[in-house]
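Taking it in order: structure first as structure tokens, then the write-up.
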Amino acid sequence: MQVARHVVCAVSGGVDSAVAALLLRRRGADAVATGHYARTSLEDEEVFQQKHIKRPEGLFRNRFEVRNAVKLLQAADSFKDQTFFLSQVPQEALRRTLFPLGELTKDFVKKIAAENRLHHVLQKKESMGICFIGKRNFENFILEYLQPRPGRFISIEDNKVLGTHKGWFLYTLGQRANIGGLREPWYVVDKDGAKGDVLVAPRTDHPALYRDLLRTGRVHWIAEEPPAALVRDKMMECHFRFRHQMALVPCVLTLNQDGTVWVTAVKAVRALAPGQFAVFYKGDECLGSGKILRLGPSAYTLQKGQRTSSVAKEGSSDSPGLGPAP
């Protein structure tokens with residue numbers, strides 16, 4: 001559609017950056033408008049005024065980069081903010097993207113829809129699950145594509161077998177494990193893919209569910225480079241989340257030479273899981289994200305280590321020849 005001399009390609013909120021870039025090229029559009037709740041540091045008119053500049057290539061490309069990076073900012077409606085899902089967007093795509101809903105709340109969007117008799121927008125329910133699965137049972141959906149791999153539910157406290165399951169890949173850390181015959185709820189705290197075992201613990205607040213250390217893969221920075229403070233000091237305070245809408249967690253990033261980072265949370269976090277993305281924030285700015293590859297020891301493991309160490313020390317004082325002199 002033609003808007004103020006410029007061509008805008010409007011796409012749904014779920015479109016990814018690769019599709020958006022393809023649409024830009026094929027339609028000859030100046031920008032992509034998407035329904036994500038997010039903002040950038042560029043105003044709409046600035047997006048259209050940009051001139052195409054071929055990106056420098058090679059080892060020293062940053063010395064010749066003259067333009068400032070566009071920042072990805074959280075939406076005005078913090079509950080609907082979708083920067084979590086945009087944390088891997090390339091800088092070049094972000095420069096050509098408009099977020100018309102970024103400054104609006106969901107309630108105000110519904111008000112606009114009502115005034116324009118867009119009843120299908122008002123009646124649409126919020127999507128809280130995995131949209132492409134719909135109302136289907138998750139386990140049944142996965143088992144349409146993967147062969148069952150029966151295994152055991154094992155208590156992390158005493159290694160007792162509590163039941164069986166159809167595949168360790170059906171479970172994620174932190175979720176409730178439906179184990180037949182047990183009255184009390186048990187929760188997944190770890191998985192052994194080689195043996196097929198799912199380790200579980202009683203109580204939703206069991207210390208085996210809490211960790212304060214993780215390592216990501218190579219981080220995708222929205223600005224294409226790590227923040228200057230992180231490069232300079234190799235460490236930086238910021239916040240992160242690994243699930244949409246969860247509260248931001250204060251943390252310290254430690255930059256590794258290979259572009260990965262260690263993330264140390266100020267307070268232990270429940271249900272960290274490999275394969276999820278840690279998304280980093282500094283104030284309103286979404287800095288980028290990295291896939292979680294490794295986890296530090298759980299609070300339960302650390303407590304066991306402390307008890308073992310304490311018992312060893314007590315035992316050593318009673319050893320022959322180490323007692324008090326007569």
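This is a predicted model, so every value here is computed, not measured.
With rounding to the nearest 0.5 angstrom, the CG atom of Asp258 is 8.5 Å from the CG atom of Leu255. For the atom pair CE (Met246) and CZ (Phe242), the distance works out to 4.5 Å, reported to the nearest 0.5 Å. Atom-to-atom distance recorded for Lys234:NZ and Thr254:OG1 is 11.5 Å, nearest 0.5 angstrom. Considering CG of Leu72 and OH of Tyr281, their distance stands at 7.5 Å, rounded to 0.5 Å. Rounding to the nearest 0.5 Å places CG of Asp77 at 6.5 Å from OH of Tyr37. Put simply, OG1 on Thr40 and CG on Leu42 are 5.0 Å apart, with the number rounded to the nearest 0.5 Å.
Side-chain contact between Val263 and Leu253 is present, with heavy atoms from C-beta onward closer than 4.5 Å. Residues Phe99 and Leu94 have side chains in contact (heavy-atom distance under 4.5 Å, counting atoms from C-beta outward). Pro150 places none of its side-chain heavy atoms less than 4.5 Å from the side chain of Thr164. In this structure, Leu173 and Leu295 have side chains that are in contact, with non-hydrogen atoms separated by less than 4.5 Å. Looking only at side-chain heavy atoms (C-beta outward), Leu101 and His36 stay at 4.5 Å or farther from each other. Ser289 has its side chain within reach of Gln88: a pair of non-hydrogen atoms, C-beta onward, lies under 4.5 Å apart. Inter-residue side-chain proximity for Ser298 and Pro207 is flagged as unmet; no heavy-atom pair is nearer than 4.5 Å.
Using cut-offs of 30° and 60° for the angle between ring planes, the Phe85 and His244 rings count as tilted. Using cut-offs of 30° and 60° on the angle between ring planes, the pair Phe240 and Phe280 is tilted.
A side-chain donor-acceptor contact under 3.5 Å links Asp81 and Thr83.
Taking Ile, Leu, Val, Met, Phe, Trp and Tyr as hydrophobic and joining them when side-chain heavy atoms fall under 4.5 Å apart, one finds Val252 in a cluster with Met235. Under a 4.5 Å side-chain heavy-atom cut-off, the cluster of Ile, Leu, Val, Met, Phe, Trp and Tyr residues that includes Leu213 is completed by Trp262. Through chains of ILVMFWY side-chain contacts below 4.5 Å, Leu199 is grouped with Ile154, Ile156, Val161, Tyr187, Val189, Leu209, Tyr210, Tyr300.
Residue Arg241 comes nearest to Gln74 through the heavy atom pair NH1-OE1, 4.1 Å, listed as atom of the first residue, atom of the second, then distance. In terms of heavy atoms, Pro226 sits closest to Leu230 at CB-CD2, 4.4 Å. Of all heavy-atom pairs spanning Lys191 and Trp168, the tightest one is CD-O, 3.3 Å. Residue Val249 comes nearest to Val269 through the heavy atom pair CG1-CG2, 3.8 Å, listed as atom of the first residue, atom of the second, then distance. Looking at every heavy atom in both residues, Ala223 comes nearest to Ala69 through CB-CB, 3.7 Å. Across all non-hydrogen atoms, the minimal contact from Ser41 to Lys71 is OG-N, 2.8 Å.
Cluster annotation: Phe153 is connected to Leu182 through the hydrophobic network of ILVMFWY side chains, with a link wherever side-chain heavy atoms come within less than 4.5 Å. Hydrophobic clustering keeps Leu104 apart from Leu86 (ILVMFWY residues linked when any side-chain heavy atoms are closer than 4.5 Å, directly or through intermediates). Leu248 and Ile222 are members of different hydrophobic clusters when ILVMFWY side chains are connected at heavy-atom separations under 4.5 Å. Residues Ile292 and Val279 are members of separate hydrophobic clusters, defined by side-chain heavy-atom contacts under 4.5 angstrom among Ile, Leu, Val, Met, Phe, Trp and Tyr. In this structure, Leu293 is not a member of the same hydrophobic cluster as Leu214, with clusters built from ILVMFWY side-chain heavy atoms closer than 4.5 Å.
More than 12 non-hydrogen atoms from other residues, nucleotides or ligands lie less than 6.0 angstrom from CD of Glu139. Other residues, nucleotides and ligands place more than 12 heavy atoms under 6.0 Å from the NZ atom of Lys282. Taking a 6.0 Å sphere around CD of Gln147, one finds it holds 12 or fewer heavy atoms contributed by other residues, nucleotides or ligands.
A donor-acceptor pair under 3.5 Å is absent between the side-chain atoms of Glu285 and the main chain of Leu73, judged by distance alone. In this structure a side-chain-to-backbone donor-acceptor pair under 3.5 Å is missing from Asp197 to Asp192. Although no hydrogens or angles enter the test, the distance criterion places no donor-acceptor pair under 3.5 Å between the side chain of Glu157 and the main chain of Ala201. A donor-acceptor pair is defined here as one N or O able to donate and one able to accept, closer than 3.5 Å; such a pair exists between the side chain of His165 and the backbone of Gly196. Between the side chain of Arg243 and the backbone N or O of Gln276 there is no donor-acceptor pair closer than 3.5 Å. Formation of a donor-acceptor pair under 3.5 Å by the Asp158 side chain with backbone atoms of Lys160 is found in this model.
Under the side chain to side chain donor-acceptor pair (under 3.5 Å) rule, Thr260 has a single partner from Arg215, Arg218, Lys291, Arg294, which is Arg215.
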Could you go through Arg270 and Thr204, starting from their C-alpha distance and side-chain angles, then the distance that decides it, and tell me whether this counts as side chain to side chain contact (heavy atoms under 4.5 Å, CB included)? CA-CA 9 Å; Arg270 185 184 184 278; Thr204 186; 3.1 Å; yes
Working note: Val89 + Gln91, criterion side chain to side chain contact (heavy atoms under 4.5 Å, CB included); need CA distance, chi angles, decisive distance, verdict. CA-CA 7 Å; Val89 67; Gln91 177 68 200; over 6 Å; no
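The cationic group of Arg149 does not satisfy the cation-pi geometry with Phe169, failing either the under 6.0 Å distance to the six-membered ring centre or the 45° limit from the ring axis.
Of the charged side-chain nitrogens involved, none lies within less than 4.0 Å of a carboxylate oxygen, so that Glu92 and Arg96 do not count as a salt-bridged pair.
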